[in-house]
Participant: 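Questions regarding the structure given below will be posed in turn.
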Amino acid sequence: MDVVIRHYKGASELIDELVRRSDEVEQLIRGVPGFVAYHLVKTADGGFSVSVYQDASGTQESVKAAADYIATNVPQLSVSPPEVIQGTSVISFSA
């Protein structure tokens, strides 16, 4: 599995807007081939998302899809591009 974290610093308004548009966000992220899981986490100064796909092509496509979505759907929000961290899951477990 491949994982990508997008860290949006100083972007609380963006995170709030994504929460308001959660149905659209879900449709977008689930629409990328190889989708496994997604989490959006709100922090004190913005937030981050964690996306899991079956392989790197899915995470790479999700990064592009997320950037395109933000540019198209919330252009009024002036946010810096997120810090993107991508890698292969080497240990995984859940409840």
Participant: Test: salt bridge (charged side-chain N to carboxylate O under 4.0 Å, His left out). Region: residues 35-46. Which pairs qualify, not counting sequence neighbours?
Facilitator: Asp16-Lys42
Participant: Return the set of residues passing side-chain contact (heavy atoms from CB on, under 4.5 Å) with Thr88 (not counting sequence neighbours), or none when no residue passes.
Facilitator: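 Testing Thr88 for side-chain contact (heavy atoms from CB on, under 4.5 Å), a comparison that skips the adjacent residues, returns Asp2.
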Participant: Could you work out, with side-chain hydrogen bond (donor to acceptor under 3.5 Å, both in side chains) as the rule, every residue matching Ser57, not counting sequence neighbours?
Facilitator: Asp55
Participant: Return all side-chain donor-acceptor pairs below 3.5 angstrom for residues 69-76, not counting sequence neighbours, or 'none' if the list is empty.
Facilitator:
| from | atom 1 | to | atom 2 | distance (Å) |
| --- | --- | --- | --- | --- |
| Tyr69 | OH | Glu24 | OE1 | 2.4 |
| Thr72 | OG1 | Asp68 | O | 2.9 |
| Asn73 | ND2 | Tyr69 | O | 3.0 |

Participant: Give every residue pair that meets the salt bridge (charged side-chain N to carboxylate O under 4.0 Å, His left out) criterion with at least one member in residues 84-95, sequence neighbours excluded.
Facilitator: none
Participant: Hey, could you give me each pair passing salt bridge (charged side-chain N to carboxylate O under 4.0 Å, His left out) that has a residue in residues 76-95? Not counting sequence neighbours.
Facilitator: none
Participant: Residues in side-chain hydrogen bond (donor to acceptor under 3.5 Å, both in side chains) with Ser62, at least two apart?
Facilitator: Arg6
Participant: Output yes when Arg20 and Glu17 qualify as a salt bridge under the 4.0 Å nitrogen-oxygen rule, no when they do not.
Facilitator: yes
Participant: Suppose we screen for side-chain hydrogen bond (donor to acceptor under 3.5 Å, both in side chains). Which residues come up paired with Gln60, at least two apart in sequence or across chains?
Facilitator: none
Participant: Each residue besides Val4 in its hydrophobic cluster should be listed here, by chain and number; the cluster joins Ile, Leu, Val, Met, Phe, Trp and Tyr at side-chain heavy-atom distances under 4.5 Å.
Facilitator: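 Under the 4.5 Å side-chain rule, Val4 groups with Val63, Val84.
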Participant: Keeping to residues at least two apart or across chains, list the ring-ring contact (aromatic ring centres under 6.0 Å, His included) pairs with something in residues 10-55.
Facilitator: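 Counting only pairs at least two positions apart or across chains, the ring-ring contact (aromatic ring centres under 6.0 Å, His included) contacts touching residues 10-55 are Phe35-Tyr53.
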Participant: Go through the structure and list residues passing ring pair (Phe, Tyr, Trp, His ring centres under 6.0 Å) with Tyr8, not counting sequence neighbours.
Facilitator: none
Participant: Under the rule for side-chain contact (heavy atoms from CB on, under 4.5 Å), what residues qualify as partners of Gln54, not counting sequence neighbours?
Facilitator: Val36
